[in-house]
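Because only heavy atoms are used, hydrogens play no part in the values below, and waters and symmetry mates are left out as well, while side chains stay in. So you know, we letter chains A, B, ... as the sequences are listed, proteins then strands, and number each from 1. A quick note: this is a predicted structure, and the numbers were derived from the prediction, not measured.
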Amino acid sequence: MERRWQERWIAEGTWEVDADDPRPPYYVLCMYPYPSGPAHQGHVRNYTFGDLNVRWRTMLGYAVLSPIGFDSFGLPAENAAIATGVHPRVFTEARIAELRASLVRLGAAYDWRREVRSHDPEYMRWNQVFFVRMLEAGLAYRASAPVNWCPGCRTVLANEQVLADGTCDRSGDLVERRQLEQWFLRITAYADELLEALPALDWPERVKVMQRNWIGRSEGAELSLAVQGRPELSVEVFTTRPDTLGGVTYAVLAPEHPLVGSLTAPAQRAEVEALVKSVARLSDIERQAGAGTDRVALAKRGAFTGAHVINPLTGAPVPVYVADYVLMGYGTGAIMAVPAEDQRDWDFAAAYDLPVVRTVAPPQAWEGEAYIGDGVKINSSFMDGMTVTEARAEAIEWLERTGFGTRKVNYRLRDWLISRQRYWGCPIPVVYCERCGVVPVPEDELPVMLPDDVEFAPTGEPPLASCPEFVKALCPRCGGPARRETDTMDTFVDSSWYFLRMCDLPQGAPAPPTAPFDPAAVARWMPVDTYIGGVTHAIMHLLYARFFTRVLGDLDFAPAALREPFGRLFTQGMIRMGGRAMSKSKGNVVAPERYFDSVGADALRVFHLSVGPPADDVDWTSQTDELIEGCARWLGRVWRLAVGVSAADETSDRAGAAPDLALRRVTHRAIQAVTRDFERWSYNTAVARLRELTNAIHAYLGCPEGPQTATLTEAVDTLLLLLNPMAPHLVAECWERRHGGEVSTQPWPVADPDLVRDDTTTLVVQLNGKVRDRLEVDPGISESEAAALALASPKVVERLAGVEPRRVVVRPPNLVNIVV
RNA sequence: GGGCGUGUGGUGGAAUGGCAUACACAGCGGACUUAAAAUCCGUGGCCCUUCGGGCAUGAGGGUUCGAGUCCCUCCACGCCCACCA
């Protein structure tokens with residue numbers, strides 16, 4: 001039964017919409033999946049929520065754009081090639097076919113003409129065009145940088161792909177640090193805009209907070225510390241507390257800092273070099289192992305350089321140390337240390353016996369060490385007596401006036417490292433010419449395709465380097481011999497603009513397109529109205545996509561006014577089993593296919609909708625199969641009501657009686673409740689309301705007066721319409737049998753306000769906050785009537801026993817609270 | 001260490017400051033059946049002497065006529081970030 005509808009929806013193009021559709025546009029999108037094979041429960045959950053929105057918005061009268069695609073580049077395909085020798089393209093396309101089949105079996109409504117696959121040559125071409133244009137615009141650049149090298153994947157990773165414990169988020173190997181020439185995208189140029197646009201987004205607050213923290217804007221000052229006796233040298237430092245200048249008793253360079261060599265005196269050289277060498281060997285996790293107050297560990301990890309810098313406020317020379325608690329990757333890689341007002345500096349100072357000068361008077365009973373709170377400034381020259389806030393502003397002005405420093409905003413956000421030393425990705429379209437240097441491949445020669453004849457086994461060299469025909473190139477500028485770039489792009493580049501491409505018709509467009517997407521189509525559909533995916537993408541994907549959308553607007557590919565790609569974002573919870581995320585790599589997967597075969601896709605969909613709030617995690621337990629069975633049982637009841645209740649059960653010759661009115665009330669209240677629940681992402685309660693409606697219809701069938709056709713038809717039809725976005729196969733079949741035709745474009749039912757309103761309501765009578773009686777009253781009851789009724793209640797009279805109430809709180813028509 | 005979130009029956013969960021436990025799963029009882037499955041109906045927090053009461057939303061305070069909901073302290077769990085200067 002489900003298959004028939006799935007085939008029909010595809011054959012008839014039921015879910016295809018075009019840009020000239022007269023209905024108002026609405027764009028529903030689920031994060032496009034990495035094709036790892038047949039769908040897992042996380043996919044089912046995600047695409048069920050998406051499909052519900054597509055079908056519901058369609059019934060509300062929108063032209064709903066519902067595309068799908070596959071994030072088809074990435075490591076697993078390449079690892080499979082290493083393991084089995086199957087080409088990544090062959091492997092990937094087989095996995096896509098499996099996942100696509102699962103999505104079809106789920107009954108999800110897609111416009112398949114818009115399918116995007118990252119590894120399609122046309123998609124690669126535009127990736128590469130964007131890169132070249134960004135290179136021209138100065139938004140892509142090449143730099144030598146300390147990078148995260150994963151020995152298992154034999155590649156460099158983005159900061160975001162290194163987990164908190166210093167391991168690779170894919171292979172779990174301990175990540176090493178290496179210095180390599182890499183390609184970067186200048187996302188930091190957009191840091192402020194990405195930060196400032198956050199508040200206006202209709203996104204979960206915690207995702208916004210994560211983005212805000214990741215961008216990590218902090219205001220302060222950058223200043224130069226003159227090196228004593230070396231007028232040609234100075235140490236640049238960033239601080240958020242310029243007011244604490246008077247407390248600077250030493251300075252610290254990161255071990256990788258370029259000045260370490262020139263500042264270190266001969267007498268200290270051996271010790272400093274030993275420290276630098278030992279730190280270079282450490283992974284991030286080992287480097288952080290002593291973070292906190294472990295002074296023994298700290299004592300091992302710093303060294304005096306022999307040099308001094310001048311404290312600009314006091315004019316006093318202070319020693320310069322090298323220590324690994326200062327990170328080259330943040331700020332300037334050097335700090336002015338204020339032990340009195342920074343706990344890390346305090347710890348280091350204590351370990352190295354360095355002086356502490358307080359510049360903020362701590363509170364009276366202060367027994368702690370560093371004091372970072374507010375207070376009165378001391379030992380701070382012209383700032384003495386000020387508050388910290390005042391002193392901060394004054395200090396910056398003083399720095400700018402004296403030329404020691406400038407106001408500075410610093411970001412935690414780093415530029416986006418996109419180079420990957422892997423095969424199964426989009427090649428970076430540049431060549432290296434002996435004479436001209438870095439030269440982009442001309443746009444009419446794009447895309448640079450991946451050669452098939454390469455060595456996949458890890459060699460330490462990128463796989464593309466193993467193909468001489470690929471590497472050997474002619475310089476587009478001088479025609480001389482050149483070497484082609486052998487790195488490919490981070491796959492997050494692919495996922496940063498696929499939603500724009502989907503506004504067009506990648507699979508149906510007249511070839512060859514002259515643009516990555518039609519700007520008019522983008523203007524019509526974008527931004528995505530409802531974007532649904534896992535919270536795991538809260539930082540990387542969503543931030544990169546926001547950045548890319550802005551860049552493409554600024555480079556005239558997309559409408560310049562389009563800044564934000566995703567207006568409303570919903571992040572669904574994870575599926576867990578045995579306390580851990582359900583995933584293929586952990587081997588705790590319960591495949592959806594077996595439920596498609598047994599209870600059907602509709603029952604599995606309803607399970608995912610009903611099990612709990614969509615944003616919450618779901619625990620897959622021994623009880624889950626019973627819950628899914630329960631969903632299937634309910635759908636069976638609906639089926640029997642819709643197509644099994646014969647005319648003989650109905651009598652149509654009776655005027656509307658009490659049971660009819662009661663059922664009509666339940667029906668119309670269900671419309672109201674389900675509509676509200678859909679708006680607020682509360683699918684579990686929407687299912688509950690529909691089950692109540694089902695129960696009410698059952699009860700109605702058994703009422704003494706007997707069921708009436710009109711009432712019954714309205715209730716069952718409404719049930720079907722409200723259920724359609726959840727269980728579309730069942731409803732499509734029932735609707736066709738009852739009425740003929742397609743249910744998918746039926747209008748969403750509208751509740752009759754007269755039927756939603758009660759003609760009586762329960763008035764709760766409380767005595768000192770405890771419920772003592774319940775009275776059926778008119779909903780329009782007045783305060784005085786309600787109070788009088790409550791006070792007249794026999795149960796109240798008995799308990800009051802003549803005592804005069806001190807106060808009577810009346811909230812008609814729901815509650816009267818009598819206080820004695 | 002910082003930030004955010006969660007804690008309600010046997011289980012998943014429901015509840016604009018106003019009837020706590022909707023809806024479901026499991027359980028129990030019944031109808032139908034030779035029997036089972038399926039289906040249908042009923043029951044369903046805990047305690048007390050059943051009438052009727054009393055006590056229950058992680059613990060303890062507070063605000064309020066009234067708190068699962070708001071405020072404070074604490075406990076437990078989860079997630080994100082983390083020598084970020």
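Under the Watson-Crick or G-U wobble criterion, with both distances below 3.5 Å, B:rA35 is left unpaired in every strand shown. Nucleotide B:rG18 forms a Watson-Crick or G-U wobble pair with B:rC65, both donor-acceptor distances falling under 3.5 Å. In a base pair of the Watson-Crick type (N1 to N3 plus N6-O4 or O6-N4) or a G-U wobble (N1-O2 and O6-N3), with each distance short of 3.5 Å, B:rU73 is matched with B:rA59. Pair check for B:rC84 finds none; no Watson-Crick or G-U wobble contact set falls under 3.5 Å. Using Watson-Crick or G-U wobble geometry with both donor-acceptor distances under 3.5 Å, B:rG42 finds its partner in B:rC28. Checking B:rG52 for Watson-Crick or G-U wobble geometry (two distances, each under 3.5 Å) identifies B:rC48 as its partner.
With salt bridges taken as basic N to acidic carboxylate O contacts below 4.0 Å, none links A:Glu679 and A:Arg676.
For the pair A:Asn814 CG and B:rA15 C1', the computed distance is 14 Å after rounding to whole Å. A straight line from CG of A:Asn768 to C1' of B:rC19 spans 17 Å, rounded to a whole angstrom. Taking atom CG of residue A:Asp347 and atom P of nucleotide B:rA85, one finds them 16 Å apart after rounding to whole Å. Taking atom CG of A:Leu767 as the reference point, atom P of B:rG54 lies 11 Å away to the nearest angstrom. The CE-P distance, from A:Met328 to B:rA85, rounds to 16 Å in whole Å.
Contact annotation for A:Gln623: base contact, defined as any heavy-atom pair under 4.0 Å involving a base atom. A:Arg676 comes within 4.0 angstrom of nothing in the nucleic acid, heavy atoms only. Heavy atoms of A:Gln766 sit under 4.0 angstrom from at least one base atom. Using a 4.0 Å heavy-atom criterion, one finds that A:Leu815 contacts the bases of the nucleic acid, with or without backbone contacts as well. Using a 4.0 Å heavy-atom distance criterion, A:Val611 is classed as a sugar-phosphate-only contact. Residue contacts for A:Gly216: at a heavy-atom cut-off of 4.0 Å it reaches no nucleic acid atom on any strand shown. Counting any heavy atom pair closer than 4.0 Å across all strands shown, A:Arg212 reaches no nucleic acid atom. Note on A:Arg689: nothing from the nucleic acid sits closer than 4.0 angstrom, heavy atoms only.
For the C1' atoms, the distance from B:rA76 to B:rU8 is 16 Å, rounded to whole Å. Separating the C1' atom of B:rC70 from that of B:rU57 is a span of 16 Å, rounded to the nearest Å. For the C1' atom pair drawn from B:rC80 and B:rC19, the interatomic distance equals 40 Å after rounding to whole Å.
A glycosidic torsion no more than 90° from 0 defines the syn conformation; B:rG12 lies beyond that range and is anti.
The phosphate of B:rC40 has OP1 or OP2 within less than 4.0 Å of a side-chain N or O from A:Arg640. For A:Lys770, a side-chain nitrogen or oxygen approaches OP1 or OP2 of B:rC55 to under 4.0 Å. Taking only side-chain nitrogens and oxygens, A:Arg344 comes nearer than 4.0 Å to OP1 or OP2 of B:rC84. Proximity of A:Arg412 to the phosphate of B:rA82: a side-chain N or O atom is located under 4.0 Å from OP1 or OP2.
Listed nucleotides: B:rG12, B:rG3, B:rC65. Nearest to the side chain of A:Val819: B:rC65. The nucleotide whose nearest atom lies closest to any side-chain atom of A:Glu692 is, among B:rA22, B:rC65, B:rG10, B:rA22. Side-chain proximity of A:Arg576 to B:rC65, B:rG3, B:rG78: nearest is B:rG78.
Surrounding CD1 of A:Ile372 are at most 12 heavy atoms belonging to other residues, nucleotides or ligands under 6.0 Å away.
The main-chain N or O of A:Gly780 is found under 3.5 Å from a side-chain atom of A:Asp778 such that the two form a donor-acceptor pair.
Residues A:Leu815 and A:Gln766 are in side-chain contact: their nearest non-hydrogen atoms beyond the backbone lie under 4.5 Å apart.
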